[in-house]
K.L.:
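Quick one: the structure is below, questions incoming.
Chain naming here is simple, since letters A, B, ... match the order of the sequence lines and numbering starts at 1 in each.
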2 protein chains.
Amino acid sequence: MRAPTERQPAPETSDRILDAAEALFVEHGFEATTMRMITSRADANIAAVNYHFGSKDALIQEVFKRRLTELNRQRLAKLDRLEAEAKGAPLKPSRIVEAFFGTALEMAADTEHGGHTFMRLLGRTYTEPNGFVRQFLAEEYAEAVERFLTALYRALPDVPREEILWRFHFMMGAMSYAIAGTDALQLFAGKFDDAAPERLLPRLMSFLLGGLRAPLPGQGVPGENGKGAPTRP
Amino acid sequence: MRAPTERQPAPETSDRILDAAEALFVEHGFEATTMRMITSRADANIAAVNYHFGSKDALIQEVFKRRLTELNRQRLAKLDRLEAEAKGAPLKPSRIVEAFFGTALEMAADTEHGGHTFMRLLGRTYTEPNGFVRQFLAEEYAEAVERFLTALYRALPDVPREEILWRFHFMMGAMSYAIAGTDALQLFAGKFDDAAPERLLPRLMSFLLGGLRAPLPGQGVPGENGKGAPTRP
DNA sequence: CCATGAATCAAACGATTGATTGAATCATAC
DNA sequence: GTATGATTCAATCAATCGTTTGATTCATGG
């Protein structure tokens, strides 16, 4: 009467639970989302979560694994294609950044299949205190981060690796906020006239590349070397 | 026997509770931090929180108010000084960015008086799902955001305001991750050789200004217009 | 020395949490 | 039609949550 033998593709109930949990986690966070809220929204019995997944923590992991594995698979596929086309030459930084962050934004733009919901969840989970969630995310990301960092190191051989590391970190932060969008913090409530996701990608990409290619922090005082206005392309 | 009459400056117990709560919130989040954990760490009775603050939610607000009011006061003071020196002329964007984000990083660099702990908490709270926390933060930030946005609008008259709004948003995200630093996500575990906070400020500032002054996303394909390498100053 | 109110304390409150039980129901194969 | 195993169900478990209580201790002023 315990764990189901996985023969069938999916009996639907576990998927409804995953979808309900995903949406509720975005809305209330992990701790504040109760099993009863999840099963109620999924039209399932309270015992269904433990039957299908084993525990609440295992359910959380499954919510992430379902989407994150696919996201990083797409990212690495794009990187593979770029490297194949380059035939051994270093890639352009803009291509690398677009492969990593653009893929994430594409998933975030997909409101039909829950991709948008998940990316909002992912963005706020990067800073999740919960230990096991963080460790799980780190493992799931390990390969992709390694590959993309290596590509960036090759693309920018004159830039100290530590600097690239930090800027990659900063870019992750900017992307998180970009996806969280208006609902991250009501700081800009009523100020965003246009939250169209199709305009978000070029906006974020310009910002990220501007940051990545910024003058290195050196002897010069930052901000003293330019007119300070963005240039029209 | 209810709320204390505020005659004395501070009987010490409420401060110990605030410090303990601040540290525990960073470590475990709001929900996962129990009253018993707080009062135990603060060497106080379990009833002390409700006696001094009224409720757990009120305690959370007080933890933020204590530091955030001071942070935004410093930010606005710097902006006031810059505007006084400029005598009506528009400010340089780099000065504005430094006044807003630099002040935050200064507080984050202060490990002596809990500033570092608080800024880590603040960074991860920007994406907090909890409704009342978000609304409280928004109110506490309203004036500063308004003032700094206005200054940026004046400093960059040729840039669409919506673009400035988004880039300010992106900058907030990058700063959050910068402060969360290594402990945000173990994605880069073991890769940061140098987490010295005094080098973080110039690093972040270069990145932010690079992003703020990046070419606007227009007709041109992003990333097709440059060599893609950061320039030495 | 005692009166007064702030502060602390141990103990308990009802409510809700994630998890578990054993029986009931369902689908499928023979 | 009946056996078999997967799934669902109502009911309940112990544990823990934030909060409250009433008594006790402490500090201070007259």
K.L.:
Scan side-chain atoms only and decide if Y177(B) and Y177(A) contain a donor-acceptor pair under the 3.5 Å cut-off.
P.N.:
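Distance-only check fails for Y177(B) and Y177(A).
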
K.L.:
Please give, in whole Å, the distance from dT25(D) C1' to Y51(B) OH?
P.N.:
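Value for this atom pair: 12 Å.
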
K.L.:
So how far is it from I96(A) CD1 to Y153(A) OH, rounded to the nearest 0.5 Å?
P.N.:
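Reported value, rounded in 0.5 Å steps: 12.0 Å.
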
K.L.:
With distance as the sole test, does H116(A) use its side chain to make a donor-acceptor pair with the main-chain N or O of A108(A) at under 3.5 Å?
P.N.:
yes

K.L.:
Checking all strands, does A48(A) fall into the base, sugar-phosphate, or nothing category for heavy-atom contacts under 4.0 angstrom?
P.N.:
nothing

K.L.:
Is N45(B) near enough to dA10(C) that one of its side-chain N or O atoms lies under 4.0 angstrom from OP1 or OP2?
P.N.:
yes

K.L.:
Map A47(B) and S55(A) onto DNA chain C by nearest heavy atom, then report which one ends up closer to the 5' terminus.
P.N.:
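By nearest-heavy-atom nucleotide position, the 5'-most residue is A47(B).
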
K.L.:
Around atom CD of E143(A), are there more than 12 heavy atoms from other residues, nucleotides or ligands closer than 6.0 Å?
P.N.:
no

K.L.:
Which of the following nucleotides, dA19(C), dA12(C), dA10(C), is nearest to the side chain of R36(B)?
P.N.:
dA12(C)

K.L.:
Are T103(B) and N72(B) close enough that some pair of their side-chain heavy atoms sits under 4.5 Å apart?
P.N.:
no

K.L.:
Starting at atom CZ of F53(B), determine the distance to atom C1' of dA7(C), rounded to an integer number of angstrom.
P.N.:
14 Å

K.L.:
Taking the six-membered ring for Trp, are Y141(B) and F100(B) parallel (under 30°), tilted (30 to 60°) or perpendicular (over 60°)?
P.N.:
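Tilted, since the angle between the ring planes falls between 30° and 60°.
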
K.L.:
Rounded to whole Å, how long is the line connecting atom CZ of R16(B) with atom P of dT8(C)?
P.N.:
7 Å

K.L.:
Taking the inter-plane angle between the rings of F101(B) and F168(B) on a 0 to 90° scale, is it parallel (under 30°), tilted (30 to 60°) or perpendicular (over 60°)?
P.N.:
tilted

K.L.:
Angle between the two end axes of the helix from dC1(C)-dG30(D) to dC30(C)-dG1(D), five base pairs per end, rounded to 10 degrees?
P.N.:
0°

K.L.:
Quickly work out the N50(A) CG to dC9(D) P distance and round it to whole Å.
P.N.:
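To the nearest whole Å, that distance equals 15 Å.
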
K.L.:
How is T33(B) classified with respect to the nucleic acid when contacts are heavy atoms under 4.0 Å: base, sugar-phosphate, or nothing?
P.N.:
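T33(B): backbone/sugar contact only, no base atoms under 4.0 Å.
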
K.L.:
Taking OP1 and OP2 of dT8(D), is either one under 4.0 Å from a side-chain nitrogen or oxygen of H52(A)?
P.N.:
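So the side chain of H52(A) is within the cut-off, an N or O lying under 4.0 Å from OP1 or OP2 of dT8(D).
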
K.L.:
What nucleotide, of dT20(D), dG18(D), dT21(C), holds the atom closest to the side chain of T34(B)?
P.N.:
dG18(D)

K.L.:
In whole Å, I'd like the distance from the CD atom of E12(B) to the P atom of dC26(D).
P.N.:
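In whole Å, dC26(D) P and E12(B) CD are 16 Å from each other.
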
K.L.:
Please report the distance, rounded to the nearest Å, between CD1 in I38(A) and P in dG18(C).
P.N.:
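For the pair I38(A) CD1 and dG18(C) P, the rounded distance is 8 Å.
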
K.L.:
For the side chain of M35(A), starting at C-beta, report the closest nucleotide among dT7(D), dA19(C), dC9(C).
P.N.:
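Taking heavy atoms from C-beta onward, the closest nucleotide is dA19(C).
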
K.L.:
Rounded to whole Å, how long is the line connecting atom CD1 of I46(B) with atom P of dC17(D)?
P.N.:
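About 9 Å, once rounded to whole Å.
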
K.L.:
OP1, OP2 of dT8(D) versus side-chain N and O of T13(A): anything below 4.0 Å?
P.N.:
yes

K.L.:
Quick one: I17(A) CD1 to dT7(D) C1', roughly how many Å, whole number?
P.N.:
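My rounded result for the distance is 11 Å.
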
